[in-house]
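Let me begin by presenting the structure, written as structure tokens, before commenting on it.
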Amino acid sequence: QVQLVESGGGLVQAGDSLRLSCAGFGGYVNTYTMGWFRQTPGKEREFVGGITWNGGRTSVADAVKGRFTVSKDNTKSEVYLQMNSLKPEDTAVYYCALSWRLAVTIPIMANEYEYWGQGTQVTVSS
């Protein structure tokens, strides 16, 4: 089975940086697309960024372009979300997810990902 565990969330001030990590277990995270999503109460889960199995392609949402970066280390079965210049509107629960669907582009819809971590809270004060 696939198990994903996020870490690195916390309370920071606007303009600060934070790096989230997603550790994968089960032997699959190194061979499938990984994504980062975020969600606030009453809203749909929102795509933040993703990365292909070999790290050859990354994608981030327009809302975080230029500030957030997705990377991974297959030797450690870990995926990262580097968040710079954080804004109060970035406040959310952040999730990592795995998609085992075959696609030419990184999926951006939550229902295109099959496995999810439990989430980590990021709060940015103004």
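When reading the values below, keep in mind they use all heavy atoms of this one structure, side chains included, and skip hydrogens, waters and symmetry mates. For the single chain, residues carry numbers from 1 onward in sequence order.
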Inset, instruction - Carefully, step by step, assess L18 and L86 under the rule side-chain contact (heavy atoms from CB on, under 4.5 Å). - result: CA-CA 8 Å; L18 205 59; L86 282 162; 3.9 Å; yes
Legend entry - V79-V2 co-clustered via ILVMFWY side chain contacts under 4.5 Å: yes
Legend entry - Common cluster, L81/Y32, ILVMFWY with side-chain heavy-atom separation under 4.5 Å: yes
Legend entry - Hphob cluster co-occupancy, V93 + M109, side-chain heavy atoms under 4.5 angstrom: yes
Legend entry - Hphob cluster co-occupancy, Y94 + L98, side-chain heavy atoms under 4.5 angstrom: yes
Legend entry - Pairing of E112 and R101 as salt bridge, 4.0 angstrom limit: no
Inset, instruction - Show the numbers, then the answer: is there a side-chain contact (heavy atoms from CB on, under 4.5 Å) between V70 and V60? - result: CA-CA 8 Å; V70 181; V60 296; 4.2 Å; yes
Inset, instruction - Give, for atom NZ of K65 and atom OG of S59, the distance between the pair rounded to the nearest 0.5 Å. - result: 7.0 Å
Inset, instruction - Kindly compute the distance separating OG1 (T33) from CD1 (I51), expressed to the nearest 0.5 Å. - result: 9.5 Å
Legend entry - Contact check, side chains of S99 and E114, non-hydrogen atoms, under 4.5 Å: yes
Legend entry - Closest non-hydrogen atom pair between R57 and I106, with its separation: O-CD1, 3.7 Å
Legend entry - Smallest separation among heavy atoms of C96 and E6, with atom names: N-OE2, 2.9 Å
Inset, instruction - Please check if atom CD in Q121 has more than 12 non-hydrogen atoms from other residues, nucleotides or ligands closer than 6.0 Å. - result: yes
Legend entry - Contact summary for A110 and R45, nearest pair of heavy atoms: CB-CB, 4.4 Å
Legend entry - Full working for side-chain contact (heavy atoms from CB on, under 4.5 Å) between F68 and N84: CA-CA 6 Å; F68 291 11; N84 298 327; 5.9 Å; no
Legend entry - Ring centres under 6.0 angstrom apart (W100, Y115): yes
Inset, instruction - Answer yes if F47 and M34 sit in the same cluster of Ile, Leu, Val, Met, Phe, Trp and Tyr residues linked by side chain heavy atoms under 4.5 Å apart, and no otherwise. - result: no
Legend entry - Where R38 and A63 come nearest, the two heavy atoms and their spacing: NH2-CB, 4.1 Å
Inset, instruction - Verify side-chain contact (heavy atoms from CB on, under 4.5 Å) between T91 and V122, making sure each step is shown before the conclusion. - result: CA-CA 5 Å; T91 296; V122 173; 5.9 Å; no
Legend entry - W116 atom CH2, neighbour heavy-atom count above 12 within 6.0 Å: yes
Legend entry - Side-chain H-bond candidate by donor/acceptor type, N74 with K76, under 3.5 Å: no
Legend entry - Distance flag, aromatic centroids of Y95 and F37, threshold under 6.0 Å: no
Legend entry - Nearest-0.5 Å distance, OG of residue S125 to NZ of residue K87: 15.5 Å
Inset, instruction - State, to 0.1 Å, how close T120 and G9 come at their nearest heavy-atom pair, and which atoms those are. - result: OG1-N, 3.2 Å
Legend entry - Chi angles and distances behind the side-chain hydrogen bond (donor to acceptor under 3.5 Å, both in side chains) call for Y80, E78: CA-CA 7 Å; Y80 311 102; E78 294 181 342; 2.4 Å; yes
Legend entry - Any side-chain heavy-atom pair of M83 and L20 under 4.5 Å: yes
Inset, instruction - Heavy atoms only: give me the nearest S85-D90 pair and the separation to one decimal. - result: O-OD2, 4.4 Å
